[in-house]
Amino acid sequence: MEWLLFVPLAAMALVTAVLVIVLRNPVYCALSLVGTFFALSGIYLLLQAQFIAVVQVIVYAGAIMVLFLFVVMLLDLGHELPVWLQRDRPRLLIGAGVVVLLLLELVIPIGSWTARAPQGSSGSESVGGVGNTQLVGRLLFTDFLVPFEITSIILLIAIIGAMVLARR
Amino acid sequence: MTGTVPLNAYLILSAVLFVIGVAGVLIRRNALVIFMAIELMLNAVNLTFVAFSRFLHSMDGQIIVLFVMAVAAAEVAVGLAIIIALHRNKESVNVDEINLLKG
């Protein structure tokens, strides 16, 4: 049953991710990226991270992609040459080599590795008692209070930085 | 195809998504699309965090994902502002033409 949901979602994530990097029009790239975000959101639901799934749709598919589309609209970009027609062939080949090497490096160890027994205290039975969102909130305001506060400073700095950079 | 999906399946999906993001950064010349590829890599890492959070029965991974999302939002806001400033000065967002810092 889990596979029936995982395989289509994973396929959708991979296909839309590839479309992001091969499509020529930045608007289509952005829309494909929205597809990737929705597929990942479904996978988070499959992993019983309901809060993260909802935040993924609201923050990524909502806020961040709107920001991207606004910038595409503001800049009025021309079309880029398709990847396979770019002049700089040697560098493309080096890039492809790096990518293949990285893929092998990541996939081979993961494929040959087996997970050990779970050891944390927040198993599905304890999450079932209070719910995922409550658990996230409780941790955020107890164990992770200082990082949570620092996040607000990061966001404040980002607001000020964006205003200073984009002004005039 | 029955039973639960193993952790390795999620990790491999995440690895492939990450590599697609790296490929995007390496082959694209449009700064905006490079930013989108970086978002793709951040999402791949988030997937790893959530998968481990589920399989190790610990909520910490999901909290970290929240922080990653906050940092990603900040990064996008500042990065897009930089792209707008670049476009204003050079009339282009092609990373090959942006070489002011080159020695």
Side-chain angles (χ1 to χ4, degrees), chain A residues 2-4 6 10 13-14 17-18 20-21 26 29-30 33 36-37 40 43-44 47-49 51-52 55 59 63-64 67-68 71-72 74-75 77 80 83 92 95 98-99 102-103 106-107 110-111 113 115 118-123 135-136 139-140 144 147 151 154-155 158 161-162 165-166, chain B residues 1-13 15-24 26-30 32-33 35-37 39-40 43 46-47 50-51 53-60 62-63 65-67 69-74 76-78 80-85 87 93:
Chain A
E2 229 177 299
W3 280 104
L4 281 181
F6 176 76
L14 291 176
V18 170
V20 170
I21 67 165
C29 293
L33 198 54
T36 314
F37 290 157
L40 280 174
I43 287 176
Y44 293 159
L47 286 166
Q48 296 179 6
F51 182 68
I52 300 293
V55 169
V59 173
I64 291 182
L67 215 57
F68 267 108
V71 172
V72 173
L74 278 176
L75 296 188
L77 302 163
E80 193 180 359
V83 172
L92 269 183
V98 169
V99 164
L102 190 61
L103 186 65
L106 283 171
V107 169
I110 292 171
W113 174 78
Q119 48 210 352
S121 55
S122 303
L135 213 54
V136 169
L139 273 175
L140 212 51
F144 292 89
T151 306
I154 290 178
L155 289 174
L165 282 169
Chain B
M1 292 231 292
T2 52
T4 55
V5 182
L7 175 59
N8 295 28
Y10 291 104
L11 293 184
I12 287 175
L13 172 64
V16 175
L17 278 176
F18 188 87
V19 171
I20 292 172
V22 173
L26 288 177
I27 65 176
R28 292 304 292 257
R29 303 268 67 93
N30 185 333
L32 262 175
V33 181
F35 255 95
M36 291 180 201
E39 292 300 314
L40 216 52
N43 270 278
N46 280 353
L47 177 57
V50 176
S53 161
R54 166 95 166 84
F55 284 92
L56 295 179
H57 288 188
S58 160
M59 286 301 277
D60 293 4
Q62 296 186 25
I63 307 284
V65 168
L66 278 182
F67 293 140
M69 281 179 179
V71 172
V76 166
V78 175
L80 291 178
I82 290 175
I83 289 178
I84 289 177
H87 189 262
V93 291

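Labels below follow one simple rule: chain letters A, B, ... track the order of the sequence lines, proteins then strands, and each chain is numbered from 1.
Heavy atoms of A/F6 lying under 4.5 Å from chain B belong exclusively to its side chain. Using a 4.5 Å cut-off between heavy atoms, A/L33 contacts chain B through its side chain alone, with no backbone atom that close. Both the backbone and the side chain of A/L47 come within contact range of chain B, with heavy atoms under 4.5 Å apart. The part of B/I63 that comes within reach of chain A is its side chain, from C-beta onward, which places non-hydrogen atoms under 4.5 angstrom from that chain. With a threshold of 4.5 angstrom between heavy atoms, A/A17 approaches chain B through its backbone and through its side chain. Of the atoms belonging to A/V72, heavy atoms from both backbone and side chain fall under 4.5 Å from chain B.
Here CG of A/L139 is found 6.5 Å from CE of B/M59. Values are rounded to the nearest 0.5 Å.
Among B/V22, B/L26, B/L47, B/I12, the residue making the largest number of heavy-atom pairs under 4.5 Å with chain A is B/L47. Your options are A/L75, A/T36, A/L67, and the one with the most heavy-atom pairs under 4.5 Å with chain B is A/L75. Per-residue counts of heavy-atom pairs under 4.5 Å with chain A were compared for B/I84, B/V65, B/V78, B/V5; the largest is that of B/V5. Of the residues considered (A/V99, A/I110, A/L14, A/V107), A/I110 shows the highest number of contacts with chain B, using heavy-atom pairs under 4.5 Å. Chain A forms the most heavy-atom pairs under 4.5 Å with one residue out of B/A85, B/A37, B/G21, B/G24, and that residue is B/G24. Highest contact tally toward chain A, considering only B/F18, B/Y10, B/F35, is held by B/Y10 [criterion: heavy-atom pairs under 4.5 Å].
Looking only at side-chain heavy atoms (C-beta outward), A/I52 and B/N46 stay at 4.5 Å or farther from each other. A/F68 has its side chain within reach of B/M36: a pair of non-hydrogen atoms, C-beta onward, lies under 4.5 Å apart.
Under the side-chain contact (heavy atoms from CB on, under 4.5 Å) rule, A/L165 has a single partner from B/I83, B/I82, B/L80, which is B/I82.
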Dump the intermediate steps for side-chain contact (heavy atoms from CB on, under 4.5 Å) on B/L13 and A/I43, then the final yes or no. CA-CA 11 Å; B/L13 172 64; A/I43 287 176; 3.4 Å; yes
